[in-house]
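See structure below.
Within every chain, numbering begins at 1; the chains are lettered A, B, ... in the order of the sequence lines, protein sequences first and strands thereafter.
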Number of protein chains: 2
Amino acid sequence: MTDPTQRAAHGAGERASLPMMDTLPTATQLCASILARHQDTISVRKPNIAVARLQQILEVAIDLSNKGGFQAMSLRDLSRETGMSAGGLYAYFDSKTTLLKMILSEVADLVQRVLSSPPAAVTADPVMHLRWLIDTHLRMTEALLPWFTFAFMEAKNFPPAERRMAVDSEMLTESFFSAVVLRGMEEGVFRPDTSPLLPALIKPLLQEWYVKRAKYRRRGITLESYSAEVQQVVLRACLPEAGLFTMPPIRKSGDARP
Amino acid sequence: MTDPTQRAAHGAGERASLPMMDTLPTATQLCASILARHQDTISVRKPNIAVARLQQILEVAIDLSNKGGFQAMSLRDLSRETGMSAGGLYAYFDSKTTLLKMILSEVADLVQRVLSSPPAAVTADPVMHLRWLIDTHLRMTEALLPWFTFAFMEAKNFPPAERRMAVDSEMLTESFFSAVVLRGMEEGVFRPDTSPLLPALIKPLLQEWYVKRAKYRRRGITLESYSAEVQQVVLRACLPEAGLFTMPPIRKSGDARP
DNA sequence: CCTTATCGAGCGAGCGTTCGGTAGATAGAG
DNA sequence: CTCTATCTACCGAACGCTCGCTCGATAAGG
């Protein structure tokens, strides 16, 4: 899976030269991770019960928050939709703010974990690495759309502590892009006058995909075509003019449309 | 001010070939516009009193909302900071939601007014027109930063009616960009295979500037350099390769730094 | 003396959170 | 296997508080 030479088509899922990320965690795995990180505030001891309940609570909380905002979601709403009592909920968090922090920190952690472990196949070439970062970020947000929508909508409007967490996560993401761009410039793959602002401009293009997901669904835009376009725009901004003519096709069409 | 031939330098404020937008309204003018639009819900009759008070109320409301969110701002906070009583405030709006709508609709209206009236100098050339749209949007948000921050932060998380308003405004902004891109393609100035997604990608790049204003201030990035970079990225995405070599300098440096 | 702009105590609703209580699972003793 | 003591996960009424909003009183200008 990580050998750069083994990129040939293999069946209907035929893909372009860009390797996939390693598999993403499921929502259940995220909840298990959250449970482990908050053992002290979660009073339920049996892990299978706790994970199942926590997943239920978080999914409902994310769902309710994504229409109307986290502050607008009352614990009575959460109680009604989960079928649990108010007191029962407090076995899983000690305050509403803790509930928020659970989700935000898990999402921030996930981004860091996924983007910091590219397959060996892409790290050799800055162009490939950059394209992999873009594509992987988009696929990650697509797979866990409600979680990222929640994190984006709620990261602002909150006390210094949580706010700092969001800013740090944002900076970390940008640093992945700027590291690759810098390396590409050092290796002469990217234009020497590539703007230092470019890495900062990539993040909003990736956020656009999940923040305005409904808009692109309405227009019939696939993740593949969006990813390809962002890669195009970014590469055109940093590749030398001569390089544009030899720019590889971003992704074969007719792929992975369910 | 709109004569395309009078672009020569005139003093220290010397500028590049890109013409400025016509002058922007002041906060006071925006408030007068809001007052006119909400005559029926505002019970204060003397216009000079009403405009002054309304401006005070809106500025405090925007300020408080921009730390903590609109929902988190209580009318008691607003009462304390404005020095007005709770009852007194209700002479200027009939509900907290109306207060929100006043600001959102005025911002949406402003964007439409400003972007739909380019100076005659730029409409002839799609490249110039596109650059003017980008630069003007950035300067407008810079001049009325708290208003746009407010509109961005509060447009989500609200009932269908207000939400629709935000979506419509967003679509309208995008339509300005796509109209120019389309015309440029028809005239052969832009690449015929320019992605139909490009116009949608411009908006998040413009929002980035005012949403993350603190970040760019910390890094010492000027509006001029940010505007130049976005223009670069967008033009590289739609100009033919050959056109890149003849791309005009975006904006002279050492300009308009207070 | 009427009009107009403002005041501020107070209302009902709803919020996050607590806590005494309970049903069912669990486990050790007989 | 049965009885019983203990524990665990959950319940839901109640508390203190803050919210958006109302309304009769009031002060100042013409």
Side-chain angles (χ1 to χ4, degrees), chain A residues 31 34-35 38-58 60-61 64-65 68-103 154 157-159 161-162, chain B residues 31 35 38-58 60-61 64-65 67-103 154 157-159 161-162:
Chain A
C31 291
I34 291 175
L35 177 62
H38 294 264
Q39 282 176 336
D40 46 333
T41 62
I42 297 179
S43 74
V44 178
R45 297 265 60 92
K46 297 184 183 176
N48 49 339
I49 291 181
V51 169
R53 276 287 200 215
L54 189 61
Q55 179 169 358
Q56 182 194 17
I57 292 169
L58 293 184
V60 169
L64 288 176
S65 293
F70 181 77
Q71 313 213 45
M73 175 201 70
S74 74
L75 292 187
R76 282 165 181 80
D77 296 336
L78 189 57
S79 166
R80 181 172 17 83
E81 295 294 316
T82 57
M84 289 185 71
S85 68
L89 292 174
Y90 272 79
Y92 292 88
F93 48 81
D94 55 13
S95 77
K96 202 188 173 194
T97 302
T98 299
L99 182 62
L100 175 76
K101 282 197 271 200
M102 282 179 178
I103 304 173
E154 307 305 336
N157 296 352
F158 270 99
E162 288 86 342
Chain B
C31 291
L35 177 62
H38 290 83
Q39 283 177 334
D40 44 334
T41 63
I42 298 179
S43 74
V44 178
R45 299 264 60 92
K46 296 183 182 173
N48 49 340
I49 292 181
V51 169
R53 278 285 200 214
L54 188 62
Q55 179 169 0
Q56 182 193 18
I57 292 169
L58 293 184
V60 169
L64 289 175
S65 293
K67 23 183 187 265
F70 182 76
Q71 314 213 44
M73 176 202 69
S74 73
L75 292 186
R76 284 166 179 81
D77 296 336
L78 189 58
S79 167
R80 180 170 19 83
E81 296 293 316
T82 56
M84 290 186 71
S85 66
L89 291 175
Y90 272 77
Y92 292 87
F93 48 81
D94 54 11
S95 77
K96 201 189 174 194
T97 302
T98 299
L99 182 61
L100 174 76
K101 283 196 272 200
M102 282 178 176
I103 304 172
E154 307 305 337
N157 298 352
F158 269 98
E162 288 85 344

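In this entry the distance linking CE of Met84(B) with C1' of dT4(C) reads 13 Å, nearest Å. Atom P of nucleotide dC15(C) and atom CG of Leu64(A) are separated by 12 Å, given to the nearest angstrom. In this structure, CG of Leu75(B) is placed 4 Å from P of dG20(D), rounded to the nearest angstrom. Put simply, CZ on Arg53(A) is 8 Å from C1' on dC10(D), counting in whole angstrom units. Whole-Å rounding puts the Lys96(A) NZ to dT18(D) P distance at 16 Å. A straight line from CG of Leu89(A) to C1' of dC19(C) spans 15 Å, rounded to a whole angstrom. Note: CG (Asp77(B)) to P (dC19(D)) measures 6 Å, nearest angstrom. What separates CG of Leu100(B) from P of dC21(D) is a distance of 12 Å, to the nearest Å.
Nearest heavy-atom pair across Ala61(A) and Leu99(A) is CB-CD2, 4.3 Å. Scanning all heavy atoms of the two residues, the minimum distance from Ala86(A) to Ser79(A) falls at N-OG, 3.9 Å. Across all their heavy atoms, Phe70(A) and Glu154(A) have their closest contact at N-OE2, 3.0 Å.
Ser43(B) comes within 4.0 angstrom of sugar-phosphate atoms only, judged by non-hydrogen atoms across all strands, and of no base. Residue contacts for Tyr92(B): at a heavy-atom cut-off of 4.0 Å it reaches the sugar-phosphate backbone alone, with no base atom in range. Within the nucleic acid shown, Ala91(A) has no heavy atom closer than 4.0 Å to any nucleic acid atom. When heavy atoms are screened at a 4.0 angstrom cut-off, Arg76(B) is found touching base atoms of the nucleic acid.
Residue Ser74(A) places at least one side-chain N or O closer than 4.0 Å to OP1 or OP2 of dC15(C). Between Arg45(A) and the phosphate of dC7(D), there is no side-chain N or O to OP1/OP2 separation shorter than 4.0 Å.
Of the residues near DNA chain C, Phe70(A) and Lys46(B), the one whose nearest nucleotide (by heavy atom distance) lies more toward the 5' end is Lys46(B). Between Ala72(A) and Gly87(A), the residue whose closest nucleotide on DNA chain C is further toward the 5' end is Ala72(A).
The salt bridge (Lys or Arg N to Asp or Glu O under 4.0 Å) search around Asp94(B) returns none, not counting sequence neighbours.
Taking every side-chain heavy atom of Tyr90(B) into account, dT22(D) is the closest of dT22(D), dG16(C), dC10(D). Taking every side-chain heavy atom of Ser85(A) into account, dG12(D) is the closest of dG12(D), dT22(D), dC7(C).
Between Met84(A) and Ile57(A) the shortest side-chain heavy-atom distance falls below 4.5 Å.
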